[in-house]
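Below is one structure, written out as structure tokens; the observations come after it.
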Amino acid sequence: MAHSKARATDGKVTYPPGVKEISDKISKEEMVRRLKMVVKTFMDMDQDSEEEKELYLNLALHLASDFFLKHPDKDVRLLVACCLADIFRIYAPEAPYTSPDKLKDIFMFITRQLKGLEDTKSAQFNRYFYLLENIAWVKSYNICFELEDSNEIFTQLYRTLFQVINNGHNQKVHMHMVDLMSSIICEGDTVSQELLDTVLVNLVPAHKNLNKQAYDLAKALLKRTAQAIEPYITNFFNQVLMLGKTSVSDLSEHVFDLILELYNIDSHLLLSVLPQLEFKLKSNDNDERLQVVKLLAKMFGAKDSELAVQNKPLWQCYLGRFNDIHVPIRLECVKFASHCLMNHPDLAKDLTEYLRVRSHDPEEAIRHDVIVSIVTAAKKDLSLVNDALLNFVKERTLDKRWRVRKEAMMGLASIYRKYSLQGEGGREASKQISWIKDKLLHIYYQNSIDDRLLVERVFAQYMVPHNLETTERMKCLYYLYATLDTNAVKALNEMWKCQNLLRNHVKDLLDLIKKPKSEASSKAVFAKVMVITRNLPDPGKAQDFVKKLAQVLDDDQRIREQLETLVSPTCSCKQAEVCVRDITKKLGSPKQPSNPFLEMVKFLLERIAPVHIDTESISALIKQVNKSIDGTADDEEEGVPTEEAIRAGLELLKVLSFTHPVSFHSAETFESLLGCLKMDDEKVAEAALQIFKNTGSKMEESFPHIKSVLLPVLQAKAKRGPPRQAKYAIHCINAMFSNRDTHFAQIFEPLHKSLDPANLEQLITPLTTLGHLAQLAPEQFAAPLKSLVANFIVKDLLMNDRIPGKKTTKLWVPDDEVSPETLAKIQGIKLMVRWLLGVKNNQSKSGNSTLRMLTAILHSDGDLTEQGRMGKPDMSRLRLAAACALLKLAQEPCYHEIITLEQYQLCALVINDECYQVRQCFSQKLHRGLCRLRLPLEYMAVFALCAKDPVKERRAHARQCLVKNVNIRREYLKQHAAISDKLFSLLPEYVVPYTIHLLAHDPDYVKVQDIEQLKEIKEALWFVLEIIMAKNENNSHAFIRKMVENIKQTKDAQAPTDPKTNEKLYTVCDVAMHIIMSKSTTYSLESPKDPVLPSRFFTKPDKNFSNTKNYLPPEMKAFFTPGKPKAANILGAVNKPLSTAGKQLQSKASRMETTSNDDSASNPGSPQRSKTRYKHVMFSSTSIKTSLYTMISNVMLLDIEKPRGRKRGVTSSDDQDSKPKRGRKKAAANTTGATESEDQWDEDNRPEDEQNSPPKKGRRGRPPKSSTASQDTPSKGKRGRKKAAPPPEDEEEEEEEEEERGEEEAAEDEEEDDDRTESTPQKRRGRPPKSAQQPAKKPAVLHKLHIST
């Protein structure tokens, strides 16, 4: 030992026993062997071995010499590094090395050796691990805190460790590295920016993806040192974010990525940084705000994030960015919403209002992504979204942009399928979204063919999936139909009708193609191509594709046969799928992945393929109905009362019997329907009768055993059944049996002989039956019918009041309170009309007599005998029956000709009847007759009188009817350029002379110069002119002006020699002229054509007479305010091309003809004004009729009122011709309802938004606020009305049976309205009193808004 001390003191190196001197004079192998022995010696030493420490001090110094630190051999360097690590352990806390430079060299040397950790399969890995473990355990690097170059040493160490870490290392390596690095941070005085960058760079996404283990190491290190390193992180972000010193670090450009990663690692690292983000959210730099928004979206939306709760100011500030002016920022916020809803349902309440605003964003992409966000969350779990959020998606189904509407519809459809059809969320979830099925079908009311096609696709794939097994598919359809609301049912019915009509069009095309080639056949093919084109998206392109398809069908017999099978009435659902697949496969081309022609063909095949209904399906549906009847169905489980399910099932079968009659031809089906006829439920029996009527044409041949059982049932129903069943029984016999005359006689004779006016209750059904027999077989029963009408109906029934009416002030009562005598009289009136409609000629002057009788009823306010024995409700019913009868007769040309102007004017006044229900029902009948182009054009002028209606909803409905009728006529003229000779009876502008004449003969217009009366005339004229003048197509304003000028050059044909009558006419003309001049800037231009005037209303112009006098009092001119007419849109758009199939009209062209006082029909446009592709095509009368009903179906769909109401704002760029205006006098006519464009958005606040909402039943007859008096007190000056029951079902329009099947159902469905009002008496002769016409006082601003607020 003494020897050793001497050696140490002398500076000589002492080696462990057995180890010779280690110098450059020995070989590498020998050096390694000796170093290993040295390593073993140091490894075995501990800090308490003071003597050995002294002994080997010089060896320790020797091992730190440059010879070893810079030795070229890695094994030597590794062994030396291990020795040095142990030396630091043994001599701790004081190292034997005092020179700062030497310490730096040693630690840099050790750091370099740590790179050996990278190769985990190396033979020396354990020594490298020992080295790491040793320095980590001893915290050897802490010695460097005092060195000036400590930052360089630490930085190099960190870089090395982050570089060498890999997935081959076990947890111990990872732990030792974290221990080593964390000790430097936690025990050091500072953390340099360079060292911090070395750690943080591993969090940057690019580095993170390259070396996941380095990311995990940095993450573990930051978690371990969170408290110590937080100030330095805060300082870094403060420098970059607040002071903008991006040069302090190369990571400045990744600052937001780092914040996100640090937040995910430990939110405490950012306690002082988050307030800086709030500041950055309000930056003026768009890109900077966007980056912060993206960052916070991830932080708030992270699954376990509590940032929104912990930092509410930052959350509120972030929510404010939903309203940011920069579009990408709003878009980012909206995209974030889905993650937030899914991961933090508690925040849905905060997001709801902001998403509502963004769902109306002007940017299409943002509205689209709002839907995506909500639907994504809802599909994950319905409980994540509240009803308000789902309503936002619902609203967007009416968006102006197709992409947004499509996303909303598909989103709702997928939600419905998941939670309602598949039942994933249970009954509660299914109940929550039960409205979706109705909403999706309501969209079928839109004008856009794209919307309709999508509804059809949604129905086939999501609501009633066509790939379900037949029984399951029909069960799904059965309960769906039973739970749909009224409007959805009508939409679904219309969908099937349109598909069926298109199927027939394609079938007609195939028939035309098979005919021999000729010029006529080519024209017919082209005409049919045009019809089909209007049923496909983008008609412009579709036209070329349908032409190409027609050529393919002509050339390829195989495809033609497949298509013939597809449109065949006997095609099954499975056959349809095969045909569609084969046709698309044959037309497709692998070399052309994007094939627009094939896409169009797929659209067409989708619409015409019977994927739901075939004979097997009808049989399954009948069985489902029978289950409900037997009580073995799951009705209650499905949430549908059994009676309701049966009734809905029969209604469904009734509709399908229109569109798929052949599918009903099975004995099992007919036998089940026979059973339904015997049920007590009248509606069920009615539906069964209608199904027999629609499907039983071949029953006599194919199912004689059914016929033999059915005939007695039908005869019994016709004689003793309820009136409606009697009606359908007669039509069944007419449709099903070849020897119908015999069966009719068996019914007619006993009923005719047994009519007893003393037994009024037993009279209603026989009269109904006789009326329909009179219409269907007028010649067979000519003599007895004439006697029946003259003697029994008129003398015994109508001219006698046997039972005194109840004394009441009510004008209307529920059906069950109407007296049997009144019901019998109504059926008597209908019988007369049906008889005349059956005869269709006036040779016996029966038409004149009937018209006189009807006008006498109107003259006497319904009390024909004028004995005062009838009650007011009965009088109202008879007035309505007489007026509707007049409308029915006016639709037949031979009777229209004999209706005098006085009779026409008296009929028109019914629209101002004192009873609300009379006005309502009359206007609906009037509207339907006009929409079918069966009533002459002068009857459209009757709606002008609705301007005086005291009830806002009635005025709104009248305006809606006008808009529809104008659009129908304009579209018809556009699609049929060849029928210019019918312009006088079709062109909407020609309603103006009729309106002027009608108003000139208004009984309320007494004093020619009376200001108040003229103001009413002005309102009535503007009620019509606003819609007619909404678009100045082909300079129509000048045409109208010329027409009014021409009227002033004529005389009133009704009283040509009466000066006062003519003065009234000219005064009304002047009112019209002033309206035109005040509302148009182009009225003074030259009229394209000289208008013609109806000769029945005006005399021929006197060329020697020049009437330039102004008949208006001077003070009247102040009431004409300038302003452009508002575009009056209906169901989304005015005058857009219509392209969806509808029902075929059976009316004659002569119904639309009106005599004029000029030989030539005129048109405000030139003959070449309609430059359509098919202007040279000659349309056959059949194609005109078909196209007419197609067009009517497009514009009208079903006659349902839309919800009323408007939204403020100006239109977007897509709707420039519809702008708000000011300066109107009254708010009385501000009842646009569904007829105007409801969504005219402010560019800054509103989107290019909704088209129109689906039709809903409007509230009708709501009493004005100013009138709440008791309904039982007669009061002429009051407008108040109470709710009342709807009119009786017998008042529904009874369609002629020769019309296209299906019209009757549409009319009947539209007739009922559950929201009616009781009326108090107002005035005797059909018009509300003036006191009731004055609207309640309103603020001056509203008063000035007039019609088009």
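- By the neighbour-count criterion of 12 heavy atoms within 6.0 Å, atom NZ of Lys418 is densely surrounded, having more than that number from other residues, nucleotides or ligands.
- Partners of Phe737 under the ring pair (Phe, Tyr, Trp, His ring centres under 6.0 Å) rule, at least two apart in sequence or in another chain, are His743.
- Here the shortest heavy-atom pairing between Val385 and Ile374 reads CG1-O, 3.8 Å.
- Remark: Glu456 engages Arg607 in a salt bridge, criterion side-chain N to carboxylate O under 4.0 Å.
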Exercise answer: donor-acceptor pairs, residues 713-720 side-chain atoms, under 3.5 Å, sequence neighbours excluded:
from	atom 1	to	atom 2	distance (Å)
Gln715	NE2	Gln746	OE1	2.9
Lys717	NZ	Leu677	O	3.2
Lys717	NZ	Gln725	OE1	2.7

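- Shown here for Thr584 and Leu605, the closest heavy-atom pair between the two residues is CG2-CD1, 3.9 Å.
- Using a 4.0 Å cut-off between a side-chain N of Lys or Arg and a carboxylate O of Asp or Glu, Lys654 and Glu651 qualify as a salt bridge.
- Checked by atom type and distance alone, the side chain of Asp399 never pairs as donor or acceptor with a backbone atom of Glu395 at under 3.5 Å.
- Of the possible donor and acceptor atoms, none in the side chain of Ser619 sits under 3.5 Å from a partner among the backbone N and O of Thr615.
- For the pair Tyr728 (side chain) and Ala685 (backbone), a donor-acceptor distance under 3.5 Å is absent.
- Nearest heavy-atom pair, Glu644 versus Ala482, reported as atom, atom and distance to 0.1 Å: OE2-O, 3.6 Å.
- Taking all atoms of both residues into account, the shortest heavy-atom contact from Arg417 to Gln461 is NH1-O, 3.6 Å.
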